[in-house]
Amino acid sequence: QVQLLESGGGLVQAGGSLRLSCAWSRRTNNRYGMGWFRQAPGKEREFVAAIHLIGGNTYYRDSVKGRFTISRDNAKNTVYLQMNSLKPEDTAVYYCAASPGIRIETVAADYAYWGQGTQVTVSS
């Protein structure tokens, strides 16, 4: 069982920055893709970014390209999401998730493990 714990959410003004962290435990190898998803009130959960722990390949949704950066520190069992130039439409609960395997996945159903989520609120 992989356990994930997000941190780093909060309230920030438009144009500001936040860094989310996802720490995880009980991983036995690096054959995982790690993803960030978000869910705003009344909306479906959507893919934000993903990285594979082997090789560090990344993938982003179009609306965050150039503003968000996903990275990992395998020695610290932590994945990060640096969010810059935040906009009010980025407001959501952000979830970290882990997908066993060698591919980067963008569909929530392909992720087996989820954190509890952290709230990000961007004021205008």
Side-chain angles (χ1 to χ4, degrees):
Q1 181 80 16
V2 175
Q3 296 175 324
L4 307 176
L5 181 64
E6 303 98 334
S7 61
L11 173 63
V12 64
Q13 289 187 332
S17 298
L18 283 174
R19 188 176 80 158
L20 305 183
S21 299
C22 173
W24 61 335
S25 63
R26 306 188 69 176
R27 186 184 87 245
T28 59
N29 58 63
N30 286 338
R31 293 172 63 88
Y32 285 88
M34 299 297 296
W36 286 96
F37 289 76
R38 66 188 181 188
Q39 187 166 19
K43 295 187 177 181
E44 294 186 355
R45 189 170 298 190
E46 64 181 18
F47 169 80
V48 176
I51 187 168
H52 203 280
L53 296 184
I54 299 176
N57 292 342
T58 59
Y59 191 79
Y60 299 90
R61 70 179 296 110
D62 287 345
S63 63
V64 306
K65 287 180 180 177
R67 300 189 298 124
F68 291 10
T69 303
I70 189 170
S71 61
R72 93 284 195 208
D73 186 335
N74 289 350
K76 294 183 178 180
N77 287 356
T78 303
V79 173
Y80 304 97
L81 184 67
Q82 177 67 43
M83 305 185 295
N84 298 328
S85 301
L86 282 161
K87 304 175 181 180
E89 51 263 43
D90 295 317
T91 295
V93 176
Y94 282 70
Y95 297 90
C96 176
S99 173
I102 60 174
R103 294 177 46 176
I104 291 178
E105 306 291 350
T106 62
V107 176
D110 291 324
Y111 284 79
Y113 307 102
W114 291 84
Q116 84 291 347
T118 185
Q119 177 70 47
V120 171
T121 303
V122 184
S123 62
S124 57

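- Here Ser17 pairs with Asn84 under the side chain to side chain donor-acceptor pair (under 3.5 Å) rule; sequence neighbours left out.
- In this structure, the separation between CG on Asn77 and CE on Met34 is 9.5 Å, given to the nearest 0.5 Å.
- By the side chain to side chain donor-acceptor pair (under 3.5 Å) test, Thr121 is found to be paired with Gln119, residues two or more places apart in sequence or in another chain being considered.
- Among residues at least two apart or in separate chains, there is no salt bridge (charged side-chain N to carboxylate O under 4.0 Å, His left out) pair with a member in residues 114-124.
- Contacts of Lys43 classified as side chain to side chain contact (heavy atoms under 4.5 Å, CB included), with partners at least two apart in sequence or in another chain: Ala40.
- Trp114 shares a hydrophobic cluster with Phe37, Phe47, Tyr59, Val93, Tyr95, Ile104, Tyr111; the chain of contacts runs through ILVMFWY side chains whose heavy atoms sit under 4.5 Å apart.
- With ring centers used as reference points, Phe68 lies 6.0 Å or more from Trp36.
- Atom OG1 of residue Thr69 and atom CD1 of residue Ile51 lie 10.0 Å apart, to the nearest 0.5 angstrom.
- Annotation: the span from Ile70 atom CD1 to Thr58 atom OG1 amounts to 7.5 Å, rounded to 0.5 Å.
- Residue pairs meeting the salt bridge (charged side-chain N to carboxylate O under 4.0 Å, His left out) criterion with at least one member in residues 90-102, sequence neighbours excluded: Arg38-Asp90, Arg67-Asp90.
- Contacts of Ser63 classified as side chain to side chain donor-acceptor pair (under 3.5 Å), with partners at least two apart in sequence or in another chain: Arg61.
- Pro100 approaches Tyr113 most closely through the heavy-atom pair CG-CE1, 4.1 Å.
- For residues 38-83, no pair satisfies disulfide (SG to SG under 2.5 Å), with sequence neighbours left out.
- Among residues two or more places apart in sequence or in another chain, the side chain to side chain donor-acceptor pair (under 3.5 Å) test is passed with Gln116 by Glu6.
- A continuous path of hydrophobic side-chain contacts links Tyr60 to Leu86 [ILVMFWY only; heavy atoms under 4.5 Å].
- Considering only residues two or more places apart in sequence or on other chains, Val120 meets the side chain to side chain contact (heavy atoms under 4.5 Å, CB included) condition with Leu18, Leu20, Met83, Tyr94, Val122.
- Counting non-hydrogen atoms of neighbouring residues, nucleotides and ligands closer than 6.0 angstrom, the CD1 atom of Ile54 exceeds 12 such neighbours.
- Atom CG of Leu81 and atom CZ of Arg19 lie 10.5 Å apart (nearest 0.5 Å).
- In this structure, the salt bridge (Lys or Arg N to Asp or Glu O under 4.0 Å) partners of Lys65, at least two apart in sequence or on a different chain, are Asp62.
- Annotation: salt bridge (charged side-chain N to carboxylate O under 4.0 Å, His left out) contacts involving residues 95-117, sequence neighbours excluded, comprise Arg103-Glu105.
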